[in-house]
Amino acid sequence: MRRLEMVLSRLAWFFPTMAGLIVIVFLISNVIPTDPVRIVAGENATPEQVAALRVKLGYDKPIAIQLLNHFRDVLSGNLGVSIYTQRPISEDLAKRLPATLELSITALSLAILLGIPLGVVSALRRNAWIDQVLRVISVSGLAIAAFWLAMELQFLFSMKLRVAPLNGRIDGFGPEPYTGFYVLDSLIGRDWESLGSALSHLALPALTLALPAAATILRFARAGVLEVINSNHVLYQRAMGIPPRLIVWKYVLRNALISTVTQIGLIFGVLLTNAVVIETVFDWPGLGSFAVQSILQSDHKAIIGFTIWTGGLIVVVNLLVDLLHSVIDPRGAR
Amino acid sequence: MPELLAVEDLSLGFRTDAGLARVLDGVNLAIQPGQIMGLVGESGCGKTTLARTVLGILPRHAALIERGRIRFERSDLLSADDTTLNDQVRGKAITFIPQDPFTSFNPVFPIGTQMMEIMRWKSPRRAQDGGHNTRARRAADRDAVLAMLDAVQLPQPRQVLAKYPHEVSGGQRQRLMIAMALLPEPRLVIADEPTTALDVTIQAQILKLLRRLATERGVAVLLTTHDLGTAYEICDAITVMYAGQEVEAAPTDAFFRHPAHPYTARLLASLPRADGKVLGIPGEVPNLLAPPAGCRFHPRCERAEPACSRSRPPVTLPGQGHAVRCYHPQA
């Protein structure tokens, strides 16, 4: 079974990839011209106090030793304590992860549900008015800055039309926490009030994140369909009188999805990048707003911790994408 | 006997940026029930376009049918609506064997899925149960598929169905294509250069198989080819096209014994000979954006005279079933 082999080899790559990520993040944090020790010590610390703290935190050691210590800490799950919240950084991140996952998974699903059908329609009606309209929308979707779109949506839907809340993740205390995903938790607890509130809070940030992603998916789905629609196997099925709709939505779509699916790993990365800004605009208590706080506080270890976590997330998503790819395209897997 | 398929005075162009390319110019073609007809001509002479016009799968916006009729049994295919054609003609009364069996399977679906998709819509048993794809019908269809794979001499039919297209050889894929063309029990199979993409050693096997199965079942075949040798091997009759015009049609033996059109004679003379000499035809194939008037072969024809460039010669009949369009046919 080649697929199992592929999964194992991809899993094996997970560890060197993460190791590389940890090293790079560490090195970058060392070339940033701020002194983490001074920040921790505070503005009023004397030079002696700073020196003592430097020894205590291990920043006096050679870089190689610091790196080894850093590795040991990260592997044992210890990312240090946030200067801002005074809690272990892994705890903060773990608490915020479901919020970001809920937002990004919703946005990605929305992007796929919008992007793929519109991409197919765009390809089938190539250069007709609907294709032109979709082209304008998708190019704008890619070009518009996420934070601007976020604020425009807030202005329109929250302030003018008053159909969606301005910011936050939920009204009240939220549903009984089973998973940390509010939508899921309210479904499990049959807490319909929370469900409505969670969904209405989710709508605008998810839409903001989804639009550029949908635009990318639309472009790839359109290109994928155009690549296949004139191929011999489509001509053959038409010649044999297979219903045209079935040819498009079963056979052509499967071929077009191959190139689109490989993009989803990349799109997820862009999604997380945008989430940093969007979560701040919508006051969404996820990893992104945590990163912004950490940066504003020069919270060194928290930034490193955030980067490692999101890096790990992207690696995992790419692993899933590879798996999905091998399911859709049997040529590589057998 | 009425023809199974009769193409009458068919003219068709493709819109291009440079203007209308006149690909078919008043073409006539007739196929009797059960007849194997070879449509012979050089690349670009319009034989593939003619095959696709009969199937109704030309690019909708680019192709412009100017005049003509395509009669199949009792209906005119050009005036029938597309849904009816899809339901009753394409893949059912008329099936198709493509030129390239490598790319004519969808690479990401198992062979069995693609064959059963055809059976789902085109099975001869479809009418019996009101068009429903019942379990019993699927089982019967599957048996028919396996029996047909046996008939096209594919080893291990069950295993083949589970495979993906890239896992079987080109020759086997073309056997699968033949099987799919015959399963709906059609009256006409259109085979568009079915062996061009295959190794020479396999070509003869595939052609003989096609001929045998079609003859056994009484299915007519329209076989397009640029290879006179192929046509000689398996066809009952041959129609020759040049630059979008049919120039000669005859039963195979009459065709090779008494070629009447100068182009046909040149074509036969250009076959490689035992002494190794190859005779070409002087001049070039005309530009279809501005084709020569009258007989399109006249600029290259040694017998051409003014009448040839004024209007296209009418059909004359030098022999039984032998038709030629030339003012000075060879006796």
Side-chain angles (χ1 to χ4, degrees), chain A residues 1-3 6 116 120 123-132 221 224-262 321-334, chain B residues 48 51-61 82-111 113-115 117-122 162-167 173 176-177 180-181 183-184 186 189-192 197:
Chain A
M1 195 59 191
R2 288 253 194 80
R3 187 169 296 158
M6 191 216 73
I116 287 177
V120 173
L124 294 182
R125 300 268 175 275
R126 187 181 185 185
N127 295 334
W129 65 269
I130 186 147
D131 185 32
Q132 309 285 11
V225 169
L226 285 180
E227 203 177 296
V228 183
I229 200 87
N230 290 321
S231 63
N232 283 335
H233 51 86
V234 174
L235 184 80
Y236 175 72
Q237 289 190 317
R238 282 178 54 216
M240 289 297 279
I242 305 289
R245 241 180 244 143
L246 190 76
I247 298 177
V248 169
W249 294 101
K250 180 173 175 185
Y251 290 93
V252 171
L253 187 61
R254 176 77 87 84
N255 291 270
L257 282 184
I258 292 168
S259 55
T260 312
V261 159
T262 44
V321 166
D322 282 345
L323 268 177
L324 189 59
H325 189 271
S326 80
V327 173
I328 298 183
D329 185 358
R331 278 168 298 185
R334 301 230 313 193
Chain B
T48 294
R52 288 185 184 177
T53 313
V54 174
L55 287 162
I57 51 165
L58 291 171
R60 206 162 299 156
H61 301 293
D82 207 56
T83 322
T84 315
L85 288 177
N86 237 21
D87 280 354
Q88 290 164 17
V89 181
R90 279 197 280 269
K92 206 150 187 150
I94 304 178
T95 61
F96 180 56
I97 298 175
Q99 179 168 2
D100 185 355
F102 293 87
T103 54
S104 295
F105 276 107
N106 190 316
V108 300
F109 287 87
I111 289 166
T113 307
Q114 301 186 48
M115 293 192 83
E117 188 75 75
I118 291 192
M119 290 311 271
R120 182 180 160 202
W121 302 98
K122 307 297 172 184
K163 286 184 178 174
Y164 285 91
H166 67 275
E167 295 174 311
R173 275 187 246 187
L176 288 164
M177 287 294 174
M180 288 197 277
L183 276 165
V189 173
I190 293 181
D192 187 14

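The chains referred to below are lettered A, B, ... by the order of the sequence lines, with proteins before strands, and numbering in each begins at 1.
Partners of A:V321 by side chain to side chain contact (heavy atoms under 4.5 Å, CB included), not counting sequence neighbours, listed by chain and number: A:V261, A:I264, A:V317. Considering only residues two or more places apart in sequence or on other chains, B:F102 meets the ring pair (Phe, Tyr, Trp, His ring centres under 6.0 Å) condition with none of them. Applying the salt bridge (Lys or Arg N to Asp or Glu O under 4.0 Å) rule to A:D322 yields the partners A:R10; only residues at least two apart in sequence or on another chain are considered.
Proximity to chain B among residues 225-234 of chain A is limited to A:N232, A:H233, judged by heavy-atom separations below 4.5 angstrom.
Taking CD1 from B:I118 and OH from A:Y236, the interatomic distance works out to 3.5 Å, rounded to the nearest 0.5 Å. For the atom pair CG (B:N106) and CZ (A:R254), the distance works out to 8.5 Å, reported to the nearest 0.5 Å. In this structure, the separation between CZ on B:F96 and CZ on A:R238 is 10.5 Å, given to the nearest 0.5 Å.
Each of B:Q88, B:M177, B:K92 has some count of heavy-atom pairs under 4.5 Å with chain A, and the biggest count is that of B:M177. When B:P184, B:P110, B:P186, B:P107 are compared by the number of non-hydrogen pairs under 4.5 Å with chain A, B:P107 comes out ahead.
Here the side chains of B:E117 and A:L246 are in contact, with some heavy-atom distance below 4.5 Å. Counting heavy atoms from C-beta on, the side chains of B:V108 and A:N255 come closer than 4.5 Å.
Within the 4.5 angstrom heavy-atom criterion, no atom of B:T83 approaches chain A.
The nearest pair of heavy atoms linking B:K122 to A:I242 is CE-N, 4.4 Å. Nearest heavy atom pair, residue A:M240 against residue B:M180, reads CE-O, 3.5 Å. Of all heavy-atom pairs between B:N86 and A:P244, the closest is ND2-CD, 3.3 Å.
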